[in-house]
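When reading the values below, keep in mind they use all heavy atoms of this one structure, side chains included, and skip hydrogens, waters and symmetry mates.
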Amino acid sequence: MGKTILIVDDSATMVLSVKSTLEMNGFTVVTASDGVQALAKLKSGVKPDLIITDVNMPNMDGLELIRNVKTLPGFRFMPILTLTTESQTAKRDQAKQLGATGWLVKPVSGPDLIKVIKQVVPGA
Amino acid sequence: MNIFFNAKNSTRAIDRLDHLLAVVGQELENLSPYFGVMHQQLIGATQETETGVMAVIGRINAVHGISCGQVDHLKKSMGQCMVLMDVIGQQGKQNEKMVAVIYQEMHRHAAELKTSLERSLALSKDVKELQGIVDTIAGIANQTNLLALNAAIEAAHAGAAGAGFGVVASEVKTLSVRAADSACDIAEKINSLSKRMDADVVSSELSAQAVRESTGVLKGIVQNMADLERRFNTASGEMRQVIESVQTSNNDLVTQLAEALGQIQFQDVVRQRVEQVGKALQDLTDHTRLITGKLADEGWDGTLNPTLKERLALHVGSYVMKSQRSIHAAVLGAHSPDSADCPAIELF
């Protein structure tokens, strides 16, 4: 059975390109355009095996999303990857402190993304 | 005269300065819509790239879908082919067993026919040899008949004394006639039997020939079945190779498409850089409005807060990409803070 991945990004092209890459490789994909929408989906019962989130987004950014997800019941050990244009170490350090699993700077090639996902999601 | 002249010149200079300030003020005011138009142009261009990129991704997905469809179709065909091969294989084994039994039976039948034919030929020969014996018996009967005739004549010459001998001669004649008749009868039967046996021999030979021909045909059928199975196995193997090759190509295609999808992320990178430029244009609009306002203020002492230089410096804090910071530093001749950038992929 394919693993489910939640993609959170305010860029429609990013969402579609990552979604297509993942679906081609057998993953099931759920999408959200910002942290608020992502959090709502998680609270409504969506239980992904991995969350891939952008950092700079309207309404609720990626760092705030990580902070909120980690407090949800059953999501404490949820693997979360950031996929962002943000390359400053300060935000990277903040994400790490909040419990992010990894930090990916756009653009990331499809094969590299799949390789990272297989490293962080058991059985992927 | 000189004082009047200087005052007149000063008035003209002030008028000119006022005029220039008005023109500059107007031009500064016109910068606002100018920047606004450029900002909207950038937004429009970004939207166009987004639409284009979405269409490209759609095409990539369509290509992937077609490729996967072909692989599925081939896999399904291969599955059916394998089932058919199994059926043919099982049927072939069944046929081989059947043919082996038929072949064995035909061999046995041929051997029996051969033995029977040999027996018939030997019997026919023996029967034909009986004809000679019958001829001998017929000859003895004729000679006996002649002897009986002579004895009857001699008995007649003897008169009354030969009457008894005449009776015996008559009986012998009767016996010789019966023997001759029997010999003739036996000869006819032997002749008839011989003809029937000859017919049987011919028939047996024809049967043996038919069995030999059938055995040859059966051998041909067995050979054809083996050839068919071999050709089918070869074709199946080739088809399997084709499917494996298509599967490999499809995997390569997925890798290539995934690479392309990754490269398409440039659009989001470009969008964010363009949005940064858009913010800068908005910043410039604010700045020109500030200056315009200040120019209209007679009490303005010439100071600006923030200055254009300060505004430009503030952009550094809002950059998210290394490339943005590098360009900023390169244009201003400053050092790019590369050490502040993290690796492209890092797992914690």
Side-chain angles (χ1 to χ4, degrees), chain A residues 9-27 54-58 61-62 66 79-121, chain B residues 46-47 49-65 67-68 250-273 275-276 316-326 337-348:
Chain A
D9 202 307
D10 60 325
S11 162
T13 54
M14 273 306 295
V15 168
L16 191 58
S17 73
V18 176
K19 181 175 184 279
S20 300
T21 303
L22 298 183
E23 285 179 343
M24 277 181 197
N25 286 276
F27 293 98
D54 189 12
V55 171
N56 300 308
M57 293 182 290
D61 67 21
I66 296 170
I80 303 175
L81 292 173
T82 59
L83 179 55
T84 175
T85 49
E86 182 64 69
S87 66
Q88 291 188 75
T89 51
K91 287 201 174 179
R92 189 276 315 261
D93 292 344
Q94 205 181 340
K96 185 179 177 181
Q97 211 168 28
L98 289 168
T101 314
W103 185 270
L104 312 180
V105 179
K106 296 174 189 174
V108 173
S109 79
D112 282 345
L113 181 61
I114 298 300
K115 196 174 158 187
V116 170
I117 290 171
K118 286 183 175 175
Q119 280 180 274
V120 300
V121 178
Chain B
T46 306
Q47 285 171 343
T49 61
E50 188 170 302
T51 305
V53 163
M54 298 285 267
V56 169
I57 295 173
R59 295 279 181 192
I60 287 174
N61 284 336
V63 168
H64 179 249
S67 177
C68 286
N250 190 56
N251 290 341
D252 290 344
L253 182 72
V254 169
T255 304
Q256 292 296 323
L257 293 179
E259 286 279 9
L261 286 167
Q263 284 162 357
I264 276 174
Q265 291 172 15
F266 85 90
Q267 194 276 338
D268 188 46
V269 175
V270 170
R271 177 184 65 85
Q272 291 193 40
R273 292 184 72 170
E275 280 177 1
Q276 177 68 34
V316 175
S318 62
Y319 291 145
V320 294
M321 293 171 233
K322 179 183 176 182
S323 52
Q324 289 173 310
R325 286 191 289 277
S326 298
D338 286 343
S339 57
D341 291 305
C342 45
I345 297 176
E346 185 181 13
L347 291 179
F348 302 137

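- In terms of heavy-atom proximity, Met24(A) sits nearest to Leu261(B) at CE-CD1, 3.8 Å.
- In terms of non-hydrogen atom pairs under 4.5 Å with chain B, the most contact-rich of Thr21(A), Ile114(A), Thr101(A) is Thr101(A).
- Taken to the nearest 0.5 Å, the CG atom of Leu347(B) stands 5.5 Å off from the CD atom of Gln119(A).
- Within the 4.5 Å cutoff, the side chain of Arg92(A) has heavy atoms near those of the Phe348(B) side chain.
- For a residue to count as touching a neighbouring chain, one of its non-hydrogen atoms must lie under 4.5 Å from one of that chain's; by this rule Val55(A) does not touch chain B.
- For Met14(A), the part sitting under 4.5 Å from any heavy atom of chain B is the side chain, from C-beta outward, and nothing else.
- In terms of heavy-atom pairs under 4.5 Å with chain B, the best-connected choice from Ala12(A), Ala100(A), Ser17(A) is Ser17(A).
- At a 4.5 Å heavy-atom cutoff, Gln263(B) makes no contact with chain A through either its backbone or its side chain.
- Within the 4.5 Å cutoff, the side chain of Arg271(B) has heavy atoms near those of the Asp10(A) side chain.
- Residue Leu81(A) touches chain B through its side chain alone, counting heavy-atom pairs closer than 4.5 Å.
- Within a 6.0 Å sphere centred on CD of Gln97(A), other residues, nucleotides and ligands contribute 12 heavy atoms or fewer.
- Shown are Asn56(A), Thr84(A), Thr85(A); of these, the side-chain hydrogen bond (donor to acceptor under 3.5 Å, both in side chains) with Gln272(B) is made only by Thr85(A).
- Proximity of Glu346(B) to Lys96(A): side-chain heavy atoms (C-beta onward) are nowhere separated by under 4.5 Å.
- Side-chain atoms of Glu259(B) never come within 3.5 Å of backbone atoms of Pro111(A) as a donor-acceptor pair (strictly under, hydrogens ignored).
- The shortest non-hydrogen separation linking Thr13(A) to Val53(B) is CG2-CG1, 3.6 Å.
- Note on Val56(B), Asn61(B), Ile264(B): by heavy-atom pairs under 4.5 Å with chain A, the leading option is Asn61(B).
- Residues Gln265(B) and Val18(A) have side chains in contact (heavy-atom distance under 4.5 Å, counting atoms from C-beta outward).
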